[in-house]
Novice: 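One structure is given below, represented as structure tokens, and several questions about it will come after.
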Amino acid sequence: SSYTLNWPTAQGGASTVLTNDGSGNLSWGTGSGGTTTKISAKTNSSQTLATSGSTVYKYATVNFDSLSEYNTSTGNFTPTVTGYYCIIAQLDNCSGGSGNPAGDAQMNILDSTSSTTLASSVHNVGNGIISPTGTVGGVFNLTAGHNIQITVSNNNVGSTVTYNSNQHGLLSIFRVS
């Protein structure tokens, strides 16, 4: 097979890549393999869950967020690109409220835009403590613009559960394709 490539007349700039328009015309561009979602965050303050329902768990300290997709005020991760994402959320050592009740704390990864629970895990709160950690995670096909949240439900009737500031919860998110 024979084809002709038409090269650019000047050298490309730093970090540019050579692209093809499909007709053999080459030009310098940024390419599609550039920056992708990479988020690492942790908690830095106590959060108290109500005695019923679920609470959005907010990771207030962002170590890095390559595309500014995580909102610490709302706890929303809003992907800018539709694709597959790995999400891992962890909580360390939560303590029970009055009387250190036993029961369960359920962690969820929730697409709040479509009201869909993507993953869920239940952790026993024996004597009011999840120890050492509770984790929920997986790889999910996410839609750009949807709000993804980590929620925690408390079924310790009549008490509150506090996730302690000295025991950091961690959040890691990265796009895999």
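By convention here, the first residue in the shown sequence is residue 1.
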Novice: Please test Thr82 against Thr143 for side-chain contact (heavy atoms from CB on, under 4.5 Å), starting from the C-alpha separation and ending with a verdict.
Specialist: CA-CA 4 Å; Thr82 295; Thr143 303; 4.1 Å; yes

Novice: Would you mind listing the cluster partners of Phe174? Hydrophobic ones only (ILVMFWY), side-chain contacts under 4.5 Å, chaining allowed.
Specialist: Tyr84, Val139, Val176

Novice: From Asp65 CG over to Leu171 CG, what is the distance, rounded to the nearest 0.5 angstrom?
Specialist: 9.5 Å

Novice: To the nearest 0.5 Å, what is the distance between CD (Gln149) and OG (Ser54)?
Specialist: 8.5 Å

Novice: Assess whether side-chain contact (heavy atoms from CB on, under 4.5 Å) is satisfied between Thr37 and Phe77, documenting all intermediate values.
Specialist: CA-CA 10 Å; Thr37 298; Phe77 161 61; 4.0 Å; yes

Novice: Under a single-linkage definition using a 4.5 Å side-chain heavy-atom cutoff for Ile, Leu, Val, Met, Phe, Trp and Tyr, are Phe140 and Ile150 assigned to the same hydrophobic cluster?
Specialist: yes

Novice: Between Ser40 and Asn63, do the side chains contain a donor N or O and an acceptor N or O under 3.5 Å apart?
Specialist: yes

Novice: Grab the two heavy atoms, one from Pro8 and one from Ser27, that are nearest each other, plus how far apart they are.
Specialist: CG-CA, 4.0 Å

Novice: Hey, any chance Ile88 and Tyr70 share a hydrophobic cluster, counting ILVMFWY side chains that come within less than 4.5 Å of each other, even indirectly?
Specialist: no

Novice: Supply the atom-to-atom distance Tyr85 OH to Ser172 OG, rounded to the nearest 0.5 angstrom.
Specialist: 15.5 Å

Novice: Spell out, yes or no, whether Val62 and Tyr59 are grouped together once hydrophobic residues are joined by side-chain heavy atoms under 4.5 Å, including indirect joins.
Specialist: yes

Novice: Within a strict 4.5 Å, meaning less than it, do heavy atoms of the Val81 and Arg175 side chains meet?
Specialist: yes

Novice: Looking at every non-hydrogen atom in both residues, tell me the closest pair between Ser23 and Asn20 and how far apart they are.
Specialist: N-OD1, 3.8 Å

Novice: Hey, are Asn108 and Thr151 close enough side-chain-wise for a donor-acceptor pair under 3.5 Å?
Specialist: yes

Novice: Could you tell me whether the side chain of Trp28 and the main chain of Ala10 form a donor-acceptor pair under 3.5 Å?
Specialist: yes

Novice: Is Thr113 reaching over with its side chain to a backbone N or O of Asp111, donor-acceptor style, under 3.5 angstrom?
Specialist: no

Novice: Rounded to the nearest 0.5 Å, what separation is found between the CG atom of Leu170 and the CD atom of Gln90?
Specialist: 5.0 Å

Novice: Hey, is the main chain of Asn76 close enough, under 3.5 Å, to the side chain of Thr74 for a donor-acceptor pair?
Specialist: yes

Novice: Can you see whether Thr78 engages Glu69 through a side-chain donor-acceptor pair at a distance of less than 3.5 angstrom?
Specialist: no

Novice: Main chain of Lys38, side chain of Ser66: is a donor-acceptor contact present, judged purely on distance under 3.5 Å?
Specialist: yes

Novice: Minimum heavy-atom separation for Gly137 and Ala119, please, with both atom names.
Specialist: O-CB, 4.2 Å

Novice: Test of understanding: clusters of I, L, V, M, F, W, Y form through side-chain heavy atoms closer than 4.5 Å, transitively. Do Leu110 and Leu142 belong to the same one?
Specialist: no

Novice: Within this structure, what is the CD1-OG distance for the pair Ile148 and Ser112, rounded to the nearest 0.5 Å?
Specialist: 7.0 Å

Novice: Would you check, one step at a time, whether the test side-chain contact (heavy atoms from CB on, under 4.5 Å) holds for His146 with Ser114?
Specialist: CA-CA 8 Å; His146 279 218; Ser114 66; 4.1 Å; yes

Novice: Grouping I, L, V, M, F, W and Y whenever their side-chain heavy atoms are under 4.5 Å apart, do Val56 and Ile87 come out in a common cluster?
Specialist: no

